[in-house]
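By convention in this document, chain letters (A, B, ...) are assigned in the order of the sequence lines, proteins followed by strands, and residues within each chain are numbered from 1. Atom set for the values below is all heavy atoms of this structure, side chains included, hydrogens, waters and symmetry mates excluded.
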Amino acid sequence: MIRCRPFLPVLALGSLLAGAAVDAQQEAPAVPYTPPRTPDGQPDIQGIYNPVGTFYNIEDLEYQSLYQQFKPNPAMRGRSLIIDPPDGKIPFQPWAAEKRKPIYELHLDPPPDWVDPNAQCWPQGVPRHVNNREFEIFQPPGHVVIFNLAHHTYRVIPVDGSPHIPGNIKLWVGDSRGRWEGNTLVVDVTNNNDQTWFDVMASFHSDELRVTEHFTPVSRDRIEYRAVMTDPKVYTRPWTFAIHFNRNKEPGVEVWEEACVEANRKNIDLLERPGR
Amino acid sequence: MRRAVIIAVALVTLGAPAAAQSIGRTPDGRPDLSGIWQAINTAGVNILPHHAEPDMPAGLGVVEGNEIPYNPSAAAKQRENYANRAKLDPVNKCFLPGVPRATYMGFPFQIVQTPNQVTILYEYAHTVRNVFMNSPHPKGPIEWWMGDSRGRWEGDTLVVDVVHFNDQTWFDRAGNHHSEALHVVERYTPIDRDHLSYEVTIEDPKVFTRSWKMSMPLYRRIDRNMQILEYECAAFEEAFNLAGPR
Amino acid sequence: MILRSVCVLVAVATLAIPSAVVAGQNPQIPRAADGKPDLSGVWQAATTANWNLLPHAAEKDVPAGLGVVEGNEIPYNAAAAAQQRQNFANRAQADPETRCFLPGVPRIMYMPFPFQIFQTPGHIAMAFEYVHAVRRIFLNTPHPEGPIEWWMGDSRGRWEGDTLVVDVVHFTNQTWFDRTGNFHSEGLHVVERYTPIGPNHIHYEATIEDPNVFTRPWKISFPLYRRLEKGIRVLDYECYAFGLERTWYKPTE
């Protein structure tokens, strides 16, 4: 049974976050929550969720106001979604930190190479895949499947003990394999390519990135989420990112189509350039 | 699902494997492999695991162990082939694809079966292989693009031994290659009426440090009115050349 | 002995006459807990329809095909027929596939890439390898009210015996049916029928109706093959990202 205590810092963070797009959220109950079970015995966490966090700059919530109608609490200034290392900064190796430094000055009007790949309608990668827009989790037998509204990216997470695909195949959302530990879904994500960022601020990684995720339902309407990023080519140590998801309780709600590439003028220009 | 399991168990206890019972058989009791078959995979692009490129889907690979045991100089040659594949791939010139590449080119093929000969007619460039049953290879040295194929039955498996190759063909578009010493053993085993298990053992002491295997299912094409059509590769090339450079 | 023969008979019958499968009577089809056929798994079409729905000879890098259109004819009205010929002439630039756009329905079903079907009692989801397209088929619910223009339309399904019937409306006019310029307007209405024929094949049929473009409805059909490779899964094909990869932050070796 997962106890809530380790997640208290995240709960405190969550409860302080204010914003037009965010539900008022209850504190997680003191009694651990036991979800119902799906027909194949998985804890049932199916539904449509909204991430409560920021995807503009995961190191600094202040930046979220650039992206949406979001009024940061002044007490939150500079508060990060990264809970480890304690300073809330991605532990880049010196060469990597150097490469990334200029984006901070240019992020409002970046040159083409520094445009957020997500803005180009490319898949988000993990964990940005669940820290972006509304998404839906459903659990057909042997799987957890996550559909993201944002340009229809999806992730298929087998929970049947099957092995990862061969290592030299690199995928945009990686290769996910999950298992249930009590009521927590633990997902191992390998085979990532190096083309996704964690946010708009060019927080990059190499194709050796490995992500370990924990999804813990703490109530019917809330899932706590933690992801540990390991990448010996780019970071000095693993680091941990934590947010939570609120269930969308609107009756009859469905996740519908969002066609990104088709409407993205910049993309069309890029694809029509000579030599393509 | 439960109902199907119970029936399968019942059939097994009757003394014969359920799958074997649903395979068609020829008058001499062998599995009847006649019909039109196709591999549905990306081995023609690269027999090893690979991610997608323009017009080339990703694939999990068909090589057991996900590794081709090249000796060092052969490994270097493969890398060179890969770097220059747009120019060097023999199928670019519409040459015969060799064995086993013909099987997984991405085109259908038809098996015509008689007791003494199994003929495989490939849509790609009207490639033909005659598998002569229960007879010896002719004496070498002989260098054929599609080799010389001799077959025999081991239970329900058609085993085909292929030698007498040239060194001109590749295993895929990624430059995986061999010498004229190539020796291929194919095993076609029916899984059920509509699927064959296709296993290939590759041996070539000039190129590989040991033998290695590929395997994939072959799917019977059950599309309405299915028949082999034509892919007259060289004729397109001719049209291109006559029309001049583009 | 009798059971064995029955099994063979059933196998022969189901392969030969897909439309005659009696509801609930085919023991070979895997079934979900609610008794409906279970379509879950990784599937792929083997037809050449994405190049050309109609019968066609081979060209360089294009295999020949017998076509998937019943009657081998697409009933364009006169103006639309002229538009199709123009599309064909301009296909190298005008085919939305060249810009990696969502292919629409039914084209996504015969793109030469695998896709995975997930089935729950309330909806069926299809996750495609090609540009990670997604189709959500919500069961026994109405279409949302239009006007809506989606690339993949809005899909609502119901079971008729062992056939999944899917009604698709709310399309844009931006997709083509194949690479030869066969097209439609936003008035497109597609009705698909998925009928399992045995555990590893689905008979797929789509009736296409568009009064702005065609003089009558017309049908395509072809089988879907279950991919039997061990460990098969859907990978990715991020068409619009090829050749555009970022290199400025790659670690130096």
- Item | Interface residues of residues 57-65 of chain B facing chain C - heavy atom cut-off under 4.5 Å | B:P57, B:A58, B:G59, B:L60
- Is a side-chain donor or acceptor of B:Y124 paired with a backbone partner of C:P63 at a separation under 3.5 angstrom? no
- Item | C:E129 versus chain B, the contacting section by heavy-atom distance below 4.5 Å | side chain
- Trace of the side-chain contact (heavy atoms from CB on, under 4.5 Å) decision for B:D55 with C:D61: CA-CA 11 Å; B:D55 296 322; C:D61 298 324; over 6 Å; no
- Query: Taking only heavy atoms into account, what residues of residues 226-235 of chain C are found under 4.5 Å from chain B?
  - Reply: C:R226, C:R227, C:L228, C:E229, C:G231, C:I232, C:R233, C:L235
- Message: With chain C as the partner, which of B:R224, B:R221, B:M216 has the greatest number of non-hydrogen pairs under 4.5 Å?
- Response: B:R221
- Item | Non-neighbouring partners of B:E123 that pass salt bridge (charged side-chain N to carboxylate O under 4.0 Å, His left out), sequence neighbours left out | none
- Message: Let's test your reading of the structure: which of C:P112, C:G65, C:P114, C:A64 forms the most heavy-atom pairs below 4.5 Å with chain B?
- Response: C:A64
- Query: Quick one: does C:Y225's side chain get under 4.5 Å of B:D223's, heavy atoms only?
  - Reply: yes
- Message: How close do C:Y237 and B:A52 get, counting heavy atoms only, and between which atoms?
- Response: CD1-CB, 3.5 Å
- Taking only heavy atoms into account, what residues of residues 28-42 of chain B are found under 4.5 Å from chain C? B:I40, B:N41
- Note on the structure: Most heavy-atom pairs under 4.5 Å with chain C, out of B:H195, B:E230, B:Q227, belong to B:H195
- Query: For B:Y231, is it the side chain, the backbone, both, or neither that has a heavy atom closer than 4.5 Å to a heavy atom of chain C?
  - Reply: both
- Task: Would you mind checking which part of B:H51 comes under 4.5 Å of any heavy atom in chain C, side chain (CB onward), backbone (N, CA, C, O), both or neither?
- Result: neither
